[in-house]
Amino acid sequence: MVKILHCADLHLDAPFVCGDVRKSELRRSELLSTFSSMMNYVKHNGIDIVVISGDLFESENVTRDTASMLQREFADNPMCRFVIAPGNHDPYTDNGVYGKIKFPSNVYIFKNSNVSCFSFEELNVDVYGYAFVNPILEYNPFKNVKPNLNSRINILCAHGELGAAKSTSCPITVEEIRETGFDYVALGHIHAGSDVEKIDDTFYAYSGCLEGRDFGECGYKGAILCEFEKVKYELKASFKKLRFCKRHYEIERVNVSGAQNISDVLPAVKNVIEEKQYSRDALVRVILEGDVSPELVIAKSAFTSVEEMLFYLEIVNKTRPFYDIEKLENDPTIRGAFYEELKDMLESEDENERQIAYSALKYGLSALGGNNVIDF
């Protein structure tokens, strides 16, 4: 049984996004630690091959220290073979990082956009793949490509965008995957990852990224452990998703309709955090929704006790002040005139326009009442 670890989109040295600069920088260093944890798993669990389906790092950001770390980690796992297919963020160029780093002999890198193959006869495995040679690849290099020997375990390492015909990052179709006849297509580029799918005799999946970098990459991240055996052209395969990320991003929507003050909001937010069992490994964006009292003030300091439960908390206030519309319509003062000016926008079919109008109404009426508005 051959063990292959499929990972992609590590983006080593890439910037992380959260509202705390110090924590963003910490997350950047944690990614390197996560990579080391994965390499430790590889070393102690008998992994035969690691396929990295693109974007191992970001060429514009990679540091000398990270390059040295990669050399050291790969060399420290001499029994494992590491196969890398450069992607759109780390394309292969002779004067780029891949061309300048002297990798150990157990590292195999695809160097051009034509499909080529690394054969590991002792494992009965052939790994095919290609490289981005610049950030744009508008066609699929493995279209109409088939493995040379069906008696081998045939893996295709491919960075590209499935189901996006106009993609400039290697457009791929499921039909093109089916036609290849590979045993497994190890995809990279989509950070969310996917389940392992099968069409005809070909398995395929996105491993997803190793660590989420912002709230567009929610959930646990990691790699896919693949186990293969082929006897007389008959493939036996099993797959397991492995978590390697140290922390995870999550988004929660909390309806606080009817809230009169912050003491009505805080328990609702805390309940969601506790129900989902989020802890110090979580970065959580809470979106507050619903119609609330115009007197409700959302201040960041009110959520300190919740933030202490997490690595990072972000509050997004999407609530709408609930006003007595009939009273405003009949108000003969400037308050009524101000409402009339906003009425069309408040009744708009465009949700964004309504949201802007409600915010304007909230700020305007508060200002007319001599009150200060504290908001995010």
Side-chain angles (χ1 to χ4, degrees), residues 16-20 161 163-167 190-193 212-219 248-273 275-276 278 282-303 306-307 310 312-331 333-369 371-376:
F16 280 70
V17 178
C18 78
D20 186 313
E161 191 166 4
K166 296 183 180 180
S167 174
I190 302 301
H191 292 192
R213 292 182 296 158
D214 55 41
F215 285 105
E217 299 176 359
C218 291
H248 56 111
Y249 288 81
E250 304 292 347
I251 298 175
E252 296 293 342
R253 294 181 176 274
V254 180
N255 192 304
V256 291
S257 290
Q260 298 294 312
N261 51 56
I262 197 65
S263 63
D264 296 324
V265 176
L266 192 57
V269 173
K270 187 172 289 187
N271 286 342
V272 170
I273 302 302
E275 286 174 6
K276 294 297 181 71
Y278 294 143
L283 296 90
V284 182
R285 172 183 288 167
V286 174
I287 302 174
L288 300 176
E289 299 176 320
D291 296 327
V292 300
S293 167
E295 308 302 321
L296 174 63
V297 174
I298 304 294
K300 186 175 182 179
S301 58
F303 297 89
V306 178
E307 189 164 17
L310 308 166
Y312 173 75
L313 174 67
E314 180 175 296
I315 300 292
V316 178
N317 184 12
K318 293 290 185 180
T319 61
R320 299 187 308 182
F322 180 76
Y323 294 100
D324 186 336
I325 299 300
E326 184 177 352
K327 185 176 180 180
L328 283 173
E329 286 179 332
N330 296 319
D331 192 325
T333 70
I334 192 173
R335 291 169 56 88
F338 181 62
Y339 167 77
E340 284 296 325
E341 285 293 318
L342 292 171
K343 184 174 181 180
D344 288 344
M345 287 183 66
L346 290 166
E347 297 174 352
S348 170
E349 294 182 0
D350 186 321
E351 182 179 353
N352 185 55
E353 189 172 335
R354 290 199 307 273
Q355 188 68 44
I356 292 172
Y358 272 104
S359 295
L361 186 64
K362 175 180 179 179
Y363 298 143
L365 292 180
S366 293
L368 289 171
N371 299 319
N372 184 33
V373 176
I374 303 173
D375 214 332
F376 290 100

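Rounded to the nearest 0.5 Å, atoms CD (Gln355) and OG1 (Thr319) are 8.0 Å apart. Atom NZ in Lys300 sits 8.5 Å away from atom CD in Glu314 (nearest 0.5 Å). In this structure, Ser359 OG and Asn317 CG are separated by 8.0 Å, a value rounded to the nearest 0.5 Å. For the atom pair CG of Leu346 and CZ of Arg354, the computed distance is 10.0 Å after rounding to the nearest 0.5 Å. Atoms OH and OG1, from Tyr339 and Thr333 in turn, are 14.0 Å apart once rounded to the nearest 0.5 Å. One distance of note links CZ of Arg285 with CG of Leu313; it measures 11.0 Å at 0.5 Å rounding.
When the shell of 6.0 Å around CD of Glu351 is examined, it contains 12 or fewer heavy atoms from other residues, nucleotides or ligands.
Between Ala302 and Leu266, the shortest heavy-atom contact is O-CD1, 3.5 Å. Here the closest non-hydrogen pair linking Gln260 and Asp264 is N-OD2, 2.8 Å. In terms of heavy atoms, Ile315 sits closest to Ile298 at CG2-CG2, 4.3 Å. Nearest approach of Val292 to Ala259, heavy atoms of both residues: CB-O, 3.6 Å. Closest non-hydrogen pair, Leu361 versus Phe338, comes out as CA-CE2, 3.9 Å. Nearest heavy atoms, Ser167 versus Glu161: OG-OE1, 2.7 Å.
Checking Ser257 against Asn255 by side-chain atom types alone, a donor-acceptor pair falls below 3.5 Å.
Of the residues Val254, Val272, Ile251, the one that meets the side-chain contact (heavy atoms from CB on, under 4.5 Å) test with Val286 is Val254. Residue Lys343 is tested with Glu341, Met345, Glu340 for a side-chain contact (heavy atoms from CB on, under 4.5 Å); the sole match is Glu340.
Aromatic ring pairs are classed by plane angle as parallel below 30°, tilted from 30° to 60° and perpendicular above 60°; the pair Phe215 and Tyr249 is perpendicular.
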Fill in: Verdict with reasoning, Asn261 to Ser263, per side chain to side chain donor-acceptor pair (under 3.5 Å)
CA-CA 6 Å; Asn261 51 56; Ser263 63; 2.3 Å; yes
Discussion item. Walk me through whether Arg335 and Leu328 qualify under side chain to side chain contact (heavy atoms under 4.5 Å, CB included).
Written reply: CA-CA 7 Å; Arg335 291 169 56 88; Leu328 283 173; 4.3 Å; yes
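In this structure, Asp331 contributes its side chain and Lys327 its backbone to no donor-acceptor pair below 3.5 Å.
Salt-bridge formation is detected for the pair Lys276/Glu252: a Lys NZ or Arg NE/NH1/NH2 atom is positioned less than 4.0 Å from an Asp or Glu carboxylate oxygen.
The salt bridge (charged side-chain N to carboxylate O under 4.0 Å, His left out) check on Asp291 picks up Arg320, with sequence neighbours excluded.
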